[in-house]
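A short worksheet on the structure shown next.
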Amino acid sequence: MNLFRHFNDLIREAAASLEGAPADINVAPITVEPPRDAAHGDLATNAAMVLAKPLRRKPRDIAEMLAPVIADMDGVASVEIAGPGFINIRLADGFWQARLAEILRRGVSYGDSDLGQGQAINVEYVSANPTGPMHVGHARGAVFGDALASLLDKAGWDVTREYYINDAGSQVEVLARSLHHRYREALGQNPGPLADGLYPGDYLIQPARDLAERDQDRWLDAAEAEWLPVFQDYAVDRMMGLIRDDLHALGVKHEVFTSERALHADGRVEEAVRDLEERGMVYTGVLEPPKGKLPDDWEPRPQLLFRATEWGDDVDRPLKKSDGSWTYFAADIAYHFDKFKRGFPLMVDVLGADHGGYVKRMVSATRAITGANSGGLTIKLCQMVQLLEDGEPVKMSKRSGTFVTLRDVVDRVGRDAVRFMLLTRKNEAPIDFDFAKVTEQSRDNPVWYVQYAHARCCSIYRNAENDMPGLNTSAEAIRAADLSILIHPQELALIRLMTSWPRLVEQAAETSEPHRIAFYLNDIASAFNGFWTLGKDAEELRFIHPDNHDLTMARLALVGGVRTIIQSGLKVLGVTPVEELR
RNA sequence: GGUCCCGUAGCUCAGCAGGAUAGAGCAACUGAUUCCUAAUCAGUAGGUCACAGGUUCGAAUCCUGUCGGGAUCACCA
């Protein structure tokens, strides 16, 4: 239950039936939120202020009319009118205790929402070129996309996770040539130094050996035109294997892999462009030279263009290169068209910030394809990750082979730490990824801090079982505990915070901001650790009371609630909760 | 030059789709461990929310402009 939505619905209803309310009154601007200052109560609504104009009355007068109606609602303990016309609502202890019971009953599915109403949505992420292993730059988009997909799923969308394999274009030819070089080496030849522009990494050596084993010297003296397609297929297969392994190491999942080359091969690119053509969205023209720095080899030439400007872009965009072949953009239009036809009116693309210039054209193309009022494509850009070693940037250069692979980082600090750290920042903000910080065990490291709180919850259960032999701490027994004895302000504060989880899920999903979950978990951990420490001074606030079964069970229920919320949140982030930290 | 992102405490960052006195961690200072994990907690101090206008009951949040930082800019993917 999202209690804010719950009470908002009730209050809107009450507002619409107020004396003197016009039939067509707009109650949408009414909000119900937690007041910033807890002293103001549990809920605050702006209803009186928003209704002042349509009702032509003073906010305070409207508040006076609404207050008794609200006070009568289930769960409401008291109502106050404050400031310019805020209505502050305080909920009864019993209401909060019922919420804890709800959390225990629902388990990690607590916070699930029907906000998405089961709408199909396609989330595309990673889509690294299949030309080598993933490096850290890819990790952020991968983790972000994965968490966003989980988040949307939790919030009620029907999510499909997709990977677009960029297996067409010149970089795949380069890959094939690089593999051929290694192939010659594998057969004992000395092809000399790697030609300029070929991929230097040693990850092609083993695939080349395997290929040499399979095909022997069949391609050694063959013409390039003969071996190129074979080497392309083989290399892309192997590189996708590497990437899948890397994704697996990160715990990132996809359900659908779509090949760019297949789009070209079975005519879907032509089909998409033809579709645009029929709508008059395509023409042959000459583009203006780019502003700013003019490329050395720029020259005016007629090209097949898409009327992107009619859909919100700044210039029209080329669909064909000067040699007549399709641009990447043309294939990408076909790809989005394909997704649309597969039943996804809603799509999300997760891209690196270096693709910022690409957003408008893809969004406008998608509008053109799907009809203007759809606007079904959202592009989320992830900013750079800067690796730090002892506070110093790690220098990376592809040329010297010193770039850090995703696998290196995962092996060193662990999948969970990588994921959590990359999600503890909003996607538009650059991240400094400090190796020392990520593995540090302190308050300053949110990854560790949240895990610590979870482990502590587990530890309390273990201790309870040890200290009180025969105590039944099964889920059923905990759910049966009498929660009405949880009336300490700190206990209720903790439950309040847990109860904001459903609302947080909805907000994070609506804004596509999984980082909010990481911050929320940090808050939960902090509140829980605070409560834990109270027990040091005040023995009656400890969780375990060997001489008081009922109190122990109620407190264990509280701890169980915290543990459940943390698990629910970590599940969205794709991080495994740990039961013990030593 | 165009476009996009960012600018909040000394540092690193949140800020809940406009709400009441702008928050957290680190660093600094003061306290708390025979005790359910002190790997923690409580407190003090620290801000002209880059700047200037605008929108309205109300702006860190929305709009315009300026300044500063980053990304990107036909035919690459």
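Labels below follow one simple rule: chain letters A, B, ... track the order of the sequence lines, proteins then strands, and each chain is numbered from 1. The basis for the numbers below is simple: all heavy atoms, side chains too, and nothing from hydrogens, waters or symmetry mates.
Atom-to-atom, CD1 of I517(A) to C1' of C16(B) comes out at 13 Å; the value is rounded to the nearest Å. As a whole-Å value, the separation of L422(A) CG from C13(B) P is 14 Å. L3(A) places its CG atom 14 Å from the C1' atom of C16(B), with the value rounded to the nearest Å. For the pair R317(A) CZ and A77(B) C1', the computed distance is 15 Å after rounding to whole Å. Rounded to an integer number of Å, the gap from CZ of R542(A) to P of U34(B) is 11 Å. Rounding to whole angstrom units, CZ of residue R563(A) and P of U37(B) are separated by 14 Å. Between the NZ atom of K426(A) and the P atom of U61(B) there is a distance of 13 Å, rounded to whole Å. Straight-line distance from the CD atom of E513(A) to the P atom of A14(B): 10 Å, rounded to whole Å.
Counting any heavy atom pair closer than 4.0 Å across all strands shown, I544(A) reaches a base atom. G535(A) comes within 4.0 angstrom of a base, heavy atoms only. As judged by a 4.0 angstrom heavy-atom cut-off over every strand, S459(A) is placed among the base-contacting residues. Within 4.0 Å (heavy atoms only), K320(A) reaches no atom of the nucleic acid at all. A52(A) comes within 4.0 angstrom of no nucleic acid atom, judged by non-hydrogen atoms across all strands. Residue E539(A) is out of contact with every strand shown, counting any heavy-atom pair closer than 4.0 Å. Using a 4.0 Å heavy-atom distance criterion, L581(A) is classed as a base contact.
A close approach under 4.0 Å does not occur between any side-chain nitrogen or oxygen of K321(A) and OP1 or OP2 of A74(B). Using a 4.0 Å cut-off, no side-chain N or O of Y358(A) falls inside it from OP1 or OP2 of A74(B). When the side-chain nitrogen and oxygen atoms of K536(A) are compared with OP1 and OP2 of C41(B), none of them lie within a distance under 4.0 Å.
Atom CD of E428(A) has more than 12 neighbouring heavy atoms from other residues, nucleotides or ligands inside a 6.0 Å radius. Around atom CG of D323(A), more than 12 heavy atoms belonging to other residues, nucleotides or ligands sit under 6.0 Å away. Atom CZ of R57(A) has 12 or fewer heavy atoms from other residues, nucleotides or ligands within 6.0 Å. Remark: E539(A) CD is loosely packed, at most 12 non-hydrogen atoms of other residues, nucleotides or ligands lying under 6.0 Å away.
Across the C1' atoms, G18(B) and G54(B) are found 15 Å apart, a figure rounded to whole Å. A gap of 41 Å separates the C1' atoms of A38(B) and A50(B), to the nearest Å. Spacing between U37(B) and A71(B) at atom C1', rounded to whole Å, works out to 45 Å. Here, C11(B) and U72(B) have their P atoms 27 Å apart, quoted to the whole Å. Rounded to the nearest Å, the gap between the C1' atom of A9(B) and that of A24(B) is 11 Å. A28(B) and C35(B) are spaced 28 Å apart, taking the P atom of each and rounding to whole Å. Comparing A20(B) with C62(B), their P atoms sit 16 Å apart, to the nearest whole Å. Comparing the P positions of G2(B) and A59(B) gives a spacing of 31 Å, expressed to the nearest Å.
Toward the 5′ end of RNA chain B lies the nearest nucleotide of A429(A), the other residue of the pair A429(A) and T533(A) mapping further downstream. Looking at which nucleotide of RNA chain B each of F329(A) and L287(A) is closest to, the 5′-most match is held by L287(A).
Using a 4.0 Å cut-off between a side-chain N of Lys or Arg and a carboxylate O of Asp or Glu, E64(A) and R60(A) do not qualify as a salt bridge. A salt bridge links E513(A) with R516(A): at least one charged nitrogen is closer than 4.0 Å to a carboxylate oxygen. Electrostatic pairing of D9(A) and R5(A) does not count as a salt bridge here, judged by no charged N lying under 4.0 Å from a carboxylate O. Contact check on D313(A) versus K360(A) returns no salt bridge, with no Lys/Arg side-chain nitrogen under 4.0 Å from an Asp/Glu carboxylate oxygen.
Between F433(A) and F435(A), the ring planes lie perpendicular to each other; the angle is over 60°, past the 30° to 60° tilted range. In this structure, F329(A) and Y358(A) have perpendicular ring planes: the angle between them is above 60°, well past the 30° mark.
Residue ring and base: H515(A) does not count as stacked with A14(B) (centre distance below 5.5 Å and interplanar angle below 30° not both satisfied).
The side chain of N463(A) has U37(B) as its nearest neighbour among A14(B), A71(B), U37(B). Comparing U72(B), U40(B), C75(B) by their closest approach to the side chain of N529(A) singles out U40(B). Here the nucleotide nearest the side chain of K360(A), chosen from A14(B), C4(B), U40(B), is C4(B). In the set C13(B), C76(B), C5(B), C5(B) carries the atom at the smallest distance from any side-chain atom of E428(A).
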* Sequence-aligned protein contact record of nucleotides 17-30 of chain B, with B where the base is within under 4.0 Å of a protein heavy atom and S where only the sugar-phosphate is -> B-BB-S--SS----
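Side chain of Y520(A) to backbone of V505(A): no donor-acceptor contact under 3.5 angstrom is found. Checking side-chain atoms of R503(A) against main-chain N and O of N2(A) turns up no donor-acceptor pair under 3.5 Å.
Stem regions annotated for RNA chain B: B:1-7 with B:67-73, B:10-13 with B:23-26, B:28-32 with B:40-44, B:50-54 with B:62-66, counting only runs of 3 or more consecutive pairs of Watson-Crick or G-U type with both contacts under 3.5 Å.
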